[in-house]
Structure formats: C-alpha cells, structure tokens
Amino acid sequence: MPKTESDVPSVQCPACGARHVPVSGQLNNGVYAGTCLNCGFSFKFRAHLPTSSTVTLIINGVQNTVGNEYDPATSLNEYLRSTGISRGTKQMCIEGGCGVCLVTVSFYEPGSTSKQVYTVNSCLVQLYMCDGWEVTTIEGLGNPQTGLHPIQQRLAEYNGVQCGFCSPSQVMNMYGLLQKNPTPTMQEVEDEYDVTICRCTGYRPILDAMKSFASDAPPSLPGGMIDIEDLNPNKICKTTGQKCTGRCDSKGNQKMKCASSVASGVKPLHIVGQTAQWFKPTALVDLYSLLSQYRSANYRLVFGNSGFGVYKEIGPWMYDVLIDIRGIQDLYRMSSSPIILGGNLSLRKLQNFFEGGDQVSSNSYFPVFANHLKKVATTTVKNLACWAGNLMLKHKHPEFVSDVFTLLETVGARLQIGDGNGSSSQYNLSDFLNLNMNGKVIEAAYLPSYTDDNNYIRTYRTSQRLQNSHGYVTAGFNLKLDRSKNYTVLEKPSLIFQGINASLNHAEITEGFLFGKQLGDPQVLKDVFTSLSKELVPSSDPILASPNYRKNLALAFFYRYVLDVCGDQVMERFKSGSTPLLRPVSSATQTFDTRKEEWPLDEPMPAIDATYKVSGMTRYLDDIPLEQGELFAAFVLSTQGNARVSSMDPSDALAMSGVYKFIQASDIPVGGKNNFAVYAGTPEEILCSGQVMYAGQPLAIIVADDPLTATTAASMVKVTYTDVQLPLIDIYAAIQKKSFFPNGPSPLVVGDPDMAIAQSARRVVGSVQVGEQYHYYMETQACRCVPSDDGGILVQPSSQWIDQTAAGVSAVLNIPQNAVTVEVKHLGGAFGGKISRNFLVSGACALAAHIMKRAVRMRLDMQSNMHAIGRRNVYVANYEVGFTDEGKLNGIIIDIYDDMGWNNNDSGGFGLEGWLDNVYSCENWRMTSIDVKTNKPAMTSCRAPGTVSLSCALLSMNVWT
C-alpha cells in the first residue's frame with residue numbers, strides 16, 4: 001500500500017499512523033488485509049462504500065433515476081406501465097404465471113466479469129432491485145414506423161398473432177434467448193417456450209415462427225438464423241450511459257452532454273419509502289448487521305420475489321423492511337469439489353450446474369437433478385428465483401411441495417445457515433424445517449459426492465402440466481444396492497415424499513424396514529408396499545388432488561424406481577413402466593383450400609394489424625393513459641356461498657390512506673336498477689342487496705387511488721352473515737336433490753328410441769361428465785367510465801356486446817340510453833366470457849364513476865375474476881344406446897344435465913340438439929336437457945358452447961359400440 005498525503009479515501013496504519021490508499025484502486029464493501037509500507041505491520045480493515053438512496057436503470061437506451069417517490073413494493077411492471085414507458089408490457093395474473101409481462105434485463109452479478117442477460121417476469125421484479133440494470137421492453141425493439149425487429153416481423157409473417165395481448169411477450173422471450181444463444185436448436189427454442197400463455201392463436205404458428213431462427217430449422221420453416229448485427233437495436237454508449245446516437249467525434253465522444261454512466265459494480269442502497277424501507281447490502285457482514293438490527297421487525301429477504309405467486313401473505317407490500325440480497329457475492333459460491341452451492345444461485349444456474357462440467361461423470365445423480373429442474377416453474381421464474389427461497393417457502397408452509405427440498409433431502413444435503421449475531425452453523429434439512437429463521441439466512445448447501453456406482457438415485461414428480469405447474473406429489477429415492485446379491489440394500493435408504501401431508505417428508509418406517517433386505521425379492525417388494533400404504537396417509541384438501549390419487553401416485557413412483565434399478569430382473573412386459581415419456585420436438589402443419597390462379601382473391605395474408613400487435617403498439621383498455629384524478633375500483637366479494645348479508649363494516653378500509661369511498665347497493669341512484677342482466681328474464685344484481693347466491697358474489701365497491709390499495713382495502717371490509725347454509729356446488733348432489741330450473745326445453749324426439757333399443761342385439765348404459773372451464777382470457781374483465789359534463793357517461797368496457805352494455809349502464813344510473821357512449825378497444829381474448837358477463841363490471845364501474853364524479857377504472861385481478869365470473873358449464877350426460885352386433889346405432893336416449901350456476905340467463909340447454917348427432921347417423925333419438933341450479937356464478941358461453949360437451953358425450957357412447 002503506497003503512502004499518501006492527499007485527501008482521497010485512505011487507510012491509517014494502527015501501528016505507526018501512516019495513511020495509505022489501496023493499490024488496487026476502488027474497493028467494494030467488505031473486509032480486506034493490508035501491509036503498511038512504512039513499518040511493515042499487517043492489519044485488516046473494512047471498506048464502506050457510500051450508501052445510495054436512488055436507483056438508476058437504463059430502459060430501451062434511456063437512463064432513468066428513481067428515488068423514494070415509489071413504494072418499495074412497486075414492481076418494475078407497475079413502473080413501466082404507470083410512467084407510460086411501456087404499455088406493450090402487459091399484466092394479468094401478477095404472480096409470474098401467465099407470462100404477458102416479459103422484458104429482458106442485463107446486469108452484472110457479483111463476481112461476474114460480463115453482463116448476464118435474462119428474460120424475466122416484470123411483475124415479479126421489484127423496481128428497487130433494478131439498480132444498474134439495462135431493461136429492454138417490446139418498444140425497444142421496433143415498430144411499423146421505424147422498422148420491425150426480425151423477431152417481430154417473423155411472428156407476424158407466420159400468422160402467430162390473433163388478439164395480440166400475449167404477442168409482445170412471445171417476442172421478448174425469443175429476444176432473450178437469442179441474446180444468450182444466437183444459434184439455438186429447435187429443442188432449445190421449444191424448451192424456452194414454457195412461459196407465455198396464448199389462449200387464442202394456438203402455439204403452432206408461434207413456435208414455427210421462433211423455430212425458424214433455429215440452427216436446425218427445416219426448409220419448411222423459412223427465415224433463417226438472425227444476423228448478430230440485427231439482434232440489438234439499442235446499443236448503449238459506454239461513455240454516456242445513454243442510447244447510442246451514432247454521432248461521436250474523433251475521440252469517441254458523443255456530441256451531447258454526457259450523463260453519469262450506470263456503474264457496473266454493485267453498490268449498497270438504503271431507500272426510505274412512505275410505507276417501508278429498502279436495503280441492499282453488498283457484503284455478508286452488512287447483511288448480518290441488518291439481520292441483527294431487524295430480527296424482531298416485520299422484514300423479508302428479497303431475491304427473486306416469486307414466492308408471493310404461491311402465498312399472497314408474503315407479498316412485498318406486507319412488510320416494513322425489505323432487504324435485497326442480490327448484491328452479496330459470498331452467497332453466489334459454486335464449487336464442484338467439494339460440492340457447494342451458494343444460496344443466491346438461481347434455479348436456472350442450479351439446473352445448469354447439474355447439467356454440465358466434469359462433476360457429472362463422478363456424480364450420477366446430477367443428470368437426474370437437472371432433468372427434474374427442467375420441469376419446475378418456467379424458464380423466466382427460474383431466471384429470477386433462487387433455490388434458497390424455494391426452501392424458505394417450505395419452511396414457512398410445510399405443506400408446500402418443494403422440488404428443491406426433494407432433491408437436496410434425497411442426497412442428504414446440509415445447509416450452511418448464517419445468523420445475524422455473526423455465527424454460522426450447518427443443519428440437515430429436517431432440522432432446518434424446525435429452526436427459527438428470524439435473523440438468519442441460508443448461505444449455502446453442501447452436497448455429497450459418491451465415489452462408487454452403488455447409489456441409485458432417482459427423483460419423480462407429477463403435475464397437471466409438464467412445466468409451470470406445482471407437483472401433485474414429488475418423490476426422491478436414494479438406495480445403496482449390491483446388485484450381485486439380489487439388490488441388497490446396504491445402508492439405510494432415503495425415501496422422500498412430498499404432497500402427502502404437511503408433516504411427512506421421509507417414509508422413515510419403510511426406510512428402516514428396507515435396510516438389509518433384498519429389493520429383488522418379490523416378497524420384500526410386497527412388504528414394502530404394505531408398509532408404505534400404512535405410512536403414507538394423505539391429507540384432505542379441496543385444492544389438492546384427491547387423497548387416494550396422491551397416495552397411489554406415491555406408491556407408483558416407488559414401483560417405477562424398482563423397475564428401473566432392478567431392470568435386469570424385470571419381466572420384459574413390465575420394463576416400459578420405468579421408461580420416462582420423452583416428448584420430441586413438436587411439429588404440425590396447417591392446410592387450407594386456396595386457388596393460386598384466383599389470387600389475390602383468396603391468397604393467404606398476415607393480419608393487417610399484426611405488425612402493430614407484435615410491436616406492442618396496439619392499445620387495450622388498461623393501456624389507456626390515466627387522466628388527472630382518475631380512480632380505481634375493486635369489488636368486495638362474498639366469502640359465503642349461500643347466506644344472507646347481515647352487515648358490512650368498511651371502517652378499516654376507509655381508514656387506509658388513498659381510499660375514497662365504500663359503495664353498496666343502497667347507493668344506486670333513485671330509479672336506477674340493481675340489475676346488469678337487462679337482456680334476460682332473471683335479474684342479476686350488481687351489488688348484493690341481501691341474499692348471497694354464490695361465494696365470490698360482489699357485495700360492495702371500494703374506490704381508491706390505485707388498484708393495489710383498492711384491492712387491499714376491499715379485503716379489509718368486515719362482512720357478517722346470517723342464515724348460513726351449505727352451498728350446493730356439486731352437480732351430482734344437485735341432480736339428487738332435483739335442483740332444476742323450471743320451464744326447460746322440451747325433449748327432442750326422433751323416431752321411437754325405446755322400441756329401437758329394446759329390439760337391439762346389444763345395449764350400453766353409461767354416463768360421461770365434462771367439467772367446467774375458466775375462459776382464461778389474458779385480459780381480465782375491465783371497464784373505464786368517465787362522466788360527461790352533460791349528465792351522460794363514457795363507458796369503455798372489454799365487452800363483446802356493445803348495445804347491451806349501454807342498456808345496462810342506462811338502467812343502473814337511470815339515465816337515457818342515448819346519454820351512454822360506449823367505446824370498445826381491442827379485446828385481449830374473450831371466448832364468450834365477455835358477451836354478457838362484462839355487464840357486471842361495466843355497471844359497477846359506471847356506478848362508481850357516477851358517484852365519484854370522476855373517471856374510474858375497474859380491472860378485476862385474476863383471483864376476483866375467477867371468483868365472480870361464470871365459466872363453461874359442467875355437463876353430465878346419462879345415456880342408453882342400442883346397436884347391432886356390427887356396431888350400427890339403432891337408438892339413443894340421452895339426458896343432459898347442465899350446471900348453470902345460480903341462474904340460467906345464458907342457458908346452454910337450448911340449441912344443444914344442433915350439435916347432438918354430429919357425424920353419426922341414427923334414426924331414433926330422445927334427448928332431454930335439464931338446467932341444474934347450484935350456488936355458483938351464472939355460467940356462460942365458452943368457445944363452441946354445447947359443441948365440446950355434446951361431441952364428448954357422443955364420442956363416449958360410440959367408443960362402446
């Protein structure tokens with residue numbers, strides 16, 4: 001360390017007092033060792049960087065600096081949309097599930113020498129996490145005026161666009177992949193597309209467009225790989241930190257005033273917001289200090305922020321202190337000998353670690369773990385979330401099916417856990433679950449290396465979908481076997497199960513039984529299943545799959561394991577039970593009639609608005625900029641399904657900052673009707689006036705400054721109920737109780753089906769059920785209303801039925817229908833769900849705007865949308881069929897029970913006869929349609945209403961004939 005007499009930051013020798021500056025220049029936060037050049041004394045010192053109270057990020061080449069004017073819980077998505085920087089970046093589920101909010105980001109991770117590029121869900125990224133980040137949104141790529149990016153152009157040309165709500169994110173996902181790998185294979189492209197949901201276009205043209213960039217794309221997917229020069233439209237000037245203007249002088253300086261460039265290093269932050277504090281320590285010792293200081297406070301460690309997508313009570317808005325740990329280099333450790341995994345390693349990095357390197361050959365379980373992690377979450381969530389955070393979800397919620405816990409516990413990993421008091425200790429995972437983690441952090445995991453090939457390790461999971469879906473049950477098995485002795489179990493094995501009940505992670509009784517036994521002995525195998533059947537006692541939960549299914553699934557996992565590891569003793573016809581189902585790269589073709597000689601009459605062409613949709617320029621309802629003083633509304637929903645409302649107390653909600661009004665049925669203007677279904681015979685209340693018909697029925701409206709405040713305040717309204725009855729929600733129970741709507745359609749009779757069936761050589765009686773289906777439009781039900789200065793109102797709904805929207809608002813407000821102006825923007829999907837069901841939202845929004853005399857916007861969050869709005873009907877078809885020995889249909893009698901919810905305004909019972917016979921010919925029919933009444937939201941049309949259900953019933957009948 002050279003001596004200095006200047007005033008620059010320096011270190012003073014504790015022995016002789018000489019002052020020095022570090023030889024290596026500027027230091028990061030942390031503890032360092034030095035030697036005094038004056039007296040030779042060796043000493044340690046600690047470097048402190050100044051703590052910043054602002055964050056700086058570059059968005060589409062433009063530098064943005066943000067102070068404490070935002071709530072620390074604010075997401076990047078909220079910032080992008082509220083500032084108008086990006087309206088093409090959408091939002092829907094706001095929990096990382098739908099994938100319509102994707103952006104690409106690049107930043108330096110601690111210890112990295114180059115920027116890391118990721119595609120992320122902007123709804124999960126907190127704004128103050130983004131210090132030093134470069135963010136690219138769909139607007140940063142291109143548009144029809146300035147020129148489209150090749151990815152945007154390709155998606156439009158391949159007809160991969162319909163409603164367009166998801167299209168910007170489809171583009172951004174591919175942009176992020178090409179940033180990391182400009183020459184991906186088709187398999188790599190398909191693996192990346194587990195993120196953004198499309199509900200109208202279908203995935204074939206989207207995947208075809210993206211696979212056309214692949215290095216192994218076939219001639220049937222023209223376009224070719226992207227030129228690296230065309231990939232990055234926004235180059236950042238390293239001198240100014242601004243978007244490159246292409247106007248540099250001979251010295252390389254842009255001819256503009258230089259702004260402060262965004263630092264590549266990680267700097268500490270402390271931002272004091274109105275409701276919470278945000279800290280970003282950059283050294284482990286600083287984290288310990290914060291943990292010690294706030295051990296008993298309402299704090300949360302933040303890394304990927306994906307956990308609130310599973311459990312809302314851990315959302316960042318629920319905490320007073322948020323500590324961002326992304327800047328701590330010590331938590332990014334990664335070693336293959338010994339195997340050490342730092343707690344800040346993302347799930348994606350964890351997967352990459354297990355996929356590559358020399359350690360794979362010496363650790364046979366690495367490919368098993370890598371394959372398992374491919375099925376966990378989505379690629380964008382894995383880019384953000386760390387494995388330690390996944391474990392902390394398991395710690396807080398023992399019932400949570402944690403894939404990371406399954407993997408680590410299968411091999412007996414140990415966790416290094418640091419405490420705010422400065423100590424650090426190792427724990428096994430079972431002890432970790434019982435450890436008080438206040439003031440503590442998971443620093444790393446230590447995994448074993450196996451020196452022989454006798455440890456047979458496998459993990460399994462089954463979920464509703466291959467990816468982006470929680471596992472019903474996960475399992476991991478680790479047995480050390482002597483193959484030469486009929487697969488004798490040499491050590492106490494590990495049998496890990498999750499998804500059975502909250503307290504069971506190890507099948508300990510069966511583990512003890514297996515030690516020393518021969519797994520290849522059929523009797524031993526029978527005894528194992530007997531033991532497991534007793535030990536695996538599934539909990540009952542309406543959210544989970546049935547207990548019986550989960551138990552049998554767990555048993556099947558172990559059976560599959562035995563078939564796999566004891567393969568040379570397994571009969572040939574059973575071996576396929578151990579083989580995983582490997583899905584090849586998908587492919588499909590579309591054919592349609594066209595006559596080239598008549599072109600351009602019937603020449604295929606891209607949608608005329610496709611280029612605007614792929615560039616994010618198309619505006620949907622919630623993309624309309626806010627006007628001054630615009631408010632937001634949210635429903636107070638019933639938590640009971642069959643009761644009467646006794647009282648509602650909004651005092652706690654009204655006490656919240658930013659809450660303006662509580663509106664109930666009695667606030668409807670004089671002469672106005674509390675009915676949004678003016679088109680139908682049965683009134684449907686906008687706000688419940690007393691009798692609750694279903695759980696999720698709107699009871700009141702909260703009006704507030706912003707959507708989150710409105711939703712939070714709505715949840716704080718205290719509702720008391722009387723005459724609470726058991727709701728009728730099961731169609732079979734309703735049929736048994738004969739809960740039917742009167743005046744249903746008359747039976748359809750053709751020929752004499754009774755005689756035809758009686759005289760048939762063969763006869764089949766059966767039943768088939770088609771379950772209900774949520775529409776899952778990517779744009780939820782929404783409306784914006786603006787009172788006019790002449791007593792009228794502008795209504796901007798996401799509706800498929802414009803004139804009845806006007807009629808409904810007119811009736812609610814008791815104003816002439818010609819005083820209601822209705823404007824409909826593009827819809828982000830509808831599928832029948834916005835024909836009549838949006839009237840509830842437009843009526844409520846109009847009422848709020850009328851009372852507040854200000855613009856009001858109401859956009860249902862996904863949960864409220866699923867609770868309050870009806871979906872595709874449940875159908876049960878009981879049938880009797882007579883047919884010949886050759887399978888020719890003689891007669892059909894079918895009774896179709898249609899669950900309509902609490903009213904049948906949108907009845908599916910009428911018109912079903914048009915879909916019944918389909919492609920089958922039968923001369924004798926009798927079809928009876930019965931509308932069933934249950935305590936559910938009123939069901940409605942959903943994509944080919946009646947067709948899907950009737951086709952399913954008819955095909956089921958003909959399978960047996």
Aromatic ring proximity, centroids under 6.0 angstrom, F165 and Y620: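 Yes, ring centres under 6.0 Å apart.
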
Strictly by modelled atom types, are [X] and [Y] linked by a side-chain donor-acceptor pair under 3.5 Å?
X	Y	value
D899	T934	yes
N675	E684	no
Q691	E685	no
H397	E313	yes
S75	N77	no
D895	Y879	no
Y777	N865	yes
T805	S842	no
D898	N873	yes
D649	S651	yes

Taking [Y]'s backbone N and O only, do any of them form a donor-acceptor pair with [X]'s side chain (distance below 3.5 Å, no angle check)?
X	Y	value
S810	I815	yes
Q800	I835	yes
R784	A855	no
S689	A665	no
H850	P669	no
T74	D71	yes
N674	L687	yes
S463	Y472	no

Plane angle bin for W801 and F839 - parallel if under 30°, tilted between 30 and 60°, otherwise perpendicular: tilted

Would you compute the distance between atom [atom1] of [X] and atom [atom2] of [Y] and round it to the nearest 0.5 angstrom?
X	Y	atom1	atom2	value
E95	S306	CD	OG	11.0 Å
L544	N501	CG	CG	10.5 Å
D622	Q796	CG	CD	11.0 Å

Residues E772, R871; criterion salt bridge (charged side-chain N to carboxylate O under 4.0 Å, His left out); working and verdict: CA-CA 7 Å; E772 64 186 52; R871 48 193 73 95; 2.9 Å; yes

Positive for side-chain hydrogen bond (donor to acceptor under 3.5 Å, both in side chains) with E779, one of H826, R859, K834, R199: K834

Between [X] and [Y], is there a side-chain N and carboxylate O pair less than 4.0 Å apart?
X	Y	result
E627	R854	no
K90	D623	yes
D906	R837	yes

Trace of the side chain to side chain donor-acceptor pair (under 3.5 Å) decision for T722 with S646: CA-CA 6 Å; T722 60; S646 175; 5.2 Å; no

Residue pair S539 / P547: nearest heavy atoms and the distance that separates them: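 What the structure gives for the nearest pair is O-CG, 3.6 Å.
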
